Amino acid sequence: MLYQAPRGTSDILPQEQAYWRHIEQRVAHTAQLYGYERLDAPVFEDTKLFARSVGEDTDIVTKEMYTFEDRGGNSITLRPEGTAPVCRAYLEHGMKNLPQPVKLYYIASIFRYERPQAGRYRQHYQFGYEAIGGDDPALDGEVIDMAWQFFSSVKLRRLSLQLNSIGCKKCRPSYVAALKDYYAGRAGELCPDCQSRLKRNPLRLLDCKNEACQQIADRAPKSADYLCPECAEHFKQLKRYLELLGLPFAVNNRLVRGLDYYTRTVFEIQPEGGGTQSTLAGGGRYDDLIEELGGKPTPALGFAAGIERIILNLKKQKVEAPLLPRPPVFIAYLGEAAKNEAVKLAASLRRGDIGVIKALGDKSLKAQMRQANNLGVSYAVIIGEEELKSGTVIVRDMASAEQKSVPLGELQGELLQ
Ligand code: HAM
């Protein structure tokens, strides 16, 4: 083969599309239920936007971004996530003047130069919901509820909801100091990645996948024990709202997320038994991000979910997507004159909003009917010499194999019926 899709990318083939359309439809419907409006940002942005928001020391920014210089000498990056572009758009379009919180959602391709494996790609799709301009813990509860309800609406089962609070810029430093203290004496036991995290990004020590590191992380100080009174109260209220909503959350002291903008609430939804590698959705608060990008202090939160991973899990759980509509009618013909009639008839039915697949070439009637059968149409319309003469067609109900003769002028009404 001369050309293949680049490593870590894939074609979404026609037979996969039912899942994709179904998920998009559920995403839009969920948005409508909770009052979110769609925002589509560009595929690429100024590199600094992501470096600034996701964090200079994160894996995403240091190792995974598709960054290049355009012909005008600007540093451009294909979006490695969807939150920063939404915040940029919020600021650029003066959305602070709208009633707050502003609630936005997106469905977007995301680019990360990762090591491809099942459920991890270099181009994947996410949908995400962001609520900007609200600090009420009830909003955190609502966003988490929305994530949970989305998954139940696509009938994905056996999921777990993990929750943590990582504090704010006021209380986080004392927690990070305690973490560093704890890890200082154990640096020799850490994997090389963690040794560098200890210097660059100590919070990430907690979610290392290495088993030895995990054992050390299990006994590490917990962020929830270092929250300032405001963050502690916010976390307490959020847990209360989640209980009120009947959501089965588990506090996970090691949940820290891989992007630097988070404050207070962080959460993930995982398939039961799967680790962070298989996380379906993740999100949290980012109360400082809008200010970081040049706006006024504006508390916000949101989450995003990976569509390929959702489809993988739907298939694993044998959940099928509703079939996509296909043309219900096939038109077959015998001879050149009937073919002309078939061309006109197909066009006229389509203009009347009836989907049609018309035979092509000069195959035998038997071959044409085999094609109709393979296509799974509901009706075959057959035009032969006799029909031409009498101004009729034969309509065959493919399920019952019943046939009847219908005057051409009545065909559309008959089919619609
Ligand atoms: P994230 O956890 O990096 O968060 O990505 C969100 C979801 O995208 C993941 O839970 C996963 O399902 C999917 N995902 C991530 N990387 C890949 C990949 N390489 N291949 C396939 N799927 C992947 C964010 O990006 C944040 N912007 C979420 C957020 C929104 N936080 C607040 N608002």
Side-chain angles (χ1 to χ4, degrees), residues 6-10 12 23 27 36 39 41 45 49-50 53-55 58-61 63-66 77-90 101-132 134 139-140 143-144 146-147 150-151 154 156 159-162 164 166 204 207 255-271 274-290 299-314:
R7 192 163 133 76
T9 72
S10 49
I12 305 170
I23 289 172
V27 170
Y36 285 67
L39 185 143
E45 300 265 358
L49 173 70
F50 297 115
S53 53
V54 175
T58 57
D59 284 353
I60 293 180
V61 172
K63 302 191 240 176
E64 296 171 2
M65 294 207 303
Y66 280 86
T77 293
L78 301 185
R79 62 181 162 222
E81 64 102 44
T83 306
V86 169
C87 291
R88 195 257 316 129
Y90 173 94
V102 174
K103 296 174 168 178
L104 302 165
Y105 82 100
Y106 50 89
I107 302 176
S109 50
I110 302 288
F111 304 86
R112 295 183 186 176
Y113 191 82
E114 295 196 82
R115 201 164 49 77
Q117 59 186 62
R120 199 206 276 158
Y121 312 102
R122 290 184 175 168
Q123 175 180 329
H124 71 278
Y125 286 82
Q126 288 184 4
F127 62 83
Y129 298 84
E130 314 288 351
I132 305 178
L139 183 60
D140 303 43
V143 166
I144 296 174
M146 179 166 57
F150 168 83
F151 285 107
V154 294
L156 211 49
L159 303 180
S160 80
L161 168 57
Q162 317 256 325
N164 196 13
I166 56 170
R204 290 311 304 272
D207 69 352
L255 182 64
V256 288
R257 310 270 306 131
L259 304 95
D260 278 355
Y261 49 60
Y262 291 109
T263 52
R264 294 187 166 174
T265 310
V266 289
F267 70 97
E268 286 188 354
I269 293 181
Q270 294 170 4
T276 46
Q277 299 279 50
S278 51
T279 299
L280 292 166
R285 275 206 164 268
Y286 45 91
D287 288 344
D288 302 328
L289 182 52
I290 294 278
L301 88 153
F303 78 92
I307 298 182
E308 289 85 351
R309 289 191 191 176
I310 294 173
I311 294 176
L312 278 175
N313 280 274
L314 286 173

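The structure displayed is predicted, hence computed values, not measured ones. For ligands, and for the atoms within them, numbers begin at 1 and follow the listed sequence.
Assignment of Arg112 to the shell around ligand 1 is supported, since a heavy atom sits closer than 4.0 Å. Close to ligand 1: Gly119, with a non-hydrogen atom less than 4.0 angstrom away. Tyr261 counts as a contact of ligand 1, since one of its heavy atoms falls under 4.0 Å from the ligand. Taking a 4.0 Å cut-off on heavy atoms, Gly128 fails to register as neighbouring ligand 1. Under a 4.0 angstrom heavy-atom cut-off, Arg122 registers as lying outside contact with ligand 1.
Looking at Asp287, its side chain does come within 3.5 Å of a backbone N or O of Ala300 through a donor-acceptor pair. In this structure, the side chain of Arg309 engages the main chain of Thr279 through a donor-acceptor pair within 3.5 Å. Using a distance-only test at 3.5 Å, with no hydrogens or angles considered, a donor-acceptor pair links the side chain of Arg112 to the main chain of Pro80.
Below 3.5 Å of separation, one finds no N or O of Ile60 facing any N or O of ligand 1. Considering backbone and side-chain N/O of Ala305, none are found under 3.5 Å from N/O of ligand 1. Considering backbone and side-chain N/O atoms, Gly306 comes within less than 3.5 Å of an N/O atom of ligand 1. Of the N or O atoms in Tyr106, none lie within a sub-3.5 Å distance of an N or O in ligand 1.
The nearest pair of heavy atoms linking Ala84 to Glu81 is N-OE2, 2.6 Å. The shortest non-hydrogen separation linking Tyr36 to Glu130 is CE2-O, 3.5 Å. Met65 and Thr77 get closest at one heavy-atom pair: SD-CG2, 3.6 Å. The minimum heavy-atom distance linking Arg120 with Arg115 is given by the pair NH1-O, 3.1 Å. Between Arg204 and Arg257 the shortest heavy-atom distance is CD-O, 3.3 Å. Considering every non-hydrogen atom in both Ile110 and Gly82, the closest pair reads CD1-N, 4.0 Å.
Per-residue contacts place Leu280 under 4.0 angstrom from the following atoms of ligand 1 (heavy atoms of the residue considered): 10 (O), 12 (O). Listed by number with element, the atoms of ligand 1 under 4.0 angstrom from any heavy atom of Ala281 are 10 (O). The ligand atoms of ligand 1 that sit less than 4.0 angstrom from a heavy atom of Gly282 are 10 (O), 28 (C), 29 (C). Each of the atoms 26 (C), 27 (N), 29 (C), 30 (C), 31 (N), 32 (C), 33 (N) of ligand 1 lies under 4.0 Å from some heavy atom of Thr83. The ligand atoms of ligand 1 that sit less than 4.0 angstrom from a heavy atom of Gly283 are 31 (N).
Test Cys87, Pro101, Pro299 against Ile132 for side chain to side chain contact (heavy atoms under 4.5 Å, CB included) and you get one pass: Cys87.
Nearest to atom 33 (N) of ligand 1 among the protein's heavy atoms is Glu130 OE1, 2.8 Å. The nearest heavy-atom contact from the protein to atom 1 (P) of ligand 1 is Arg257 NH2, 3.5 Å. Of the protein's non-hydrogen atoms, Gly302 O, 3.2 Å is the one closest to atom 32 (C) of ligand 1. Protein heavy atom in closest approach to atom 18 (C) of ligand 1: His124 ND1, 3.4 Å. In this structure, atom 6 (C) of ligand 1 lies nearest to the protein heavy atom Gln126 NE2, 3.4 Å. Of all protein heavy atoms, the one lying nearest to atom 27 (N) of ligand 1 is Glu81 OE1, 2.7 Å. The protein atom (non-hydrogen) at minimum distance from atom 31 (N) of ligand 1 is Tyr262 OH, 2.6 Å. Protein heavy atom nearest atom 9 (C) of ligand 1, with residue, atom name and distance: Thr279 O, 4.0 Å.
Residue contacts with ligand 1, taken as heavy atom pairs separated by less than 4.0 Å, involve Tyr121 via backbone and side-chain atoms alike.
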* When you look at Tyr286 and Thr83, which way does the side-chain hydrogen bond (donor to acceptor under 3.5 Å, both in side chains) test go after all the steps? -> CA-CA 10 Å; Tyr286 45 91; Thr83 306; 5.4 Å; no

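Between Tyr129 and Tyr105, the ring planes are parallel. Angles under 30° get that label, and only those over 60° would be called perpendicular.
Judged purely by distance below 3.5 Å, without hydrogens or angles, the side chains of Gln123 and Tyr125 pair a donor atom with an acceptor atom. With 3.5 Å as the limit, one finds no donor-acceptor pair spanning the side chains of Ser10 and Tyr121.
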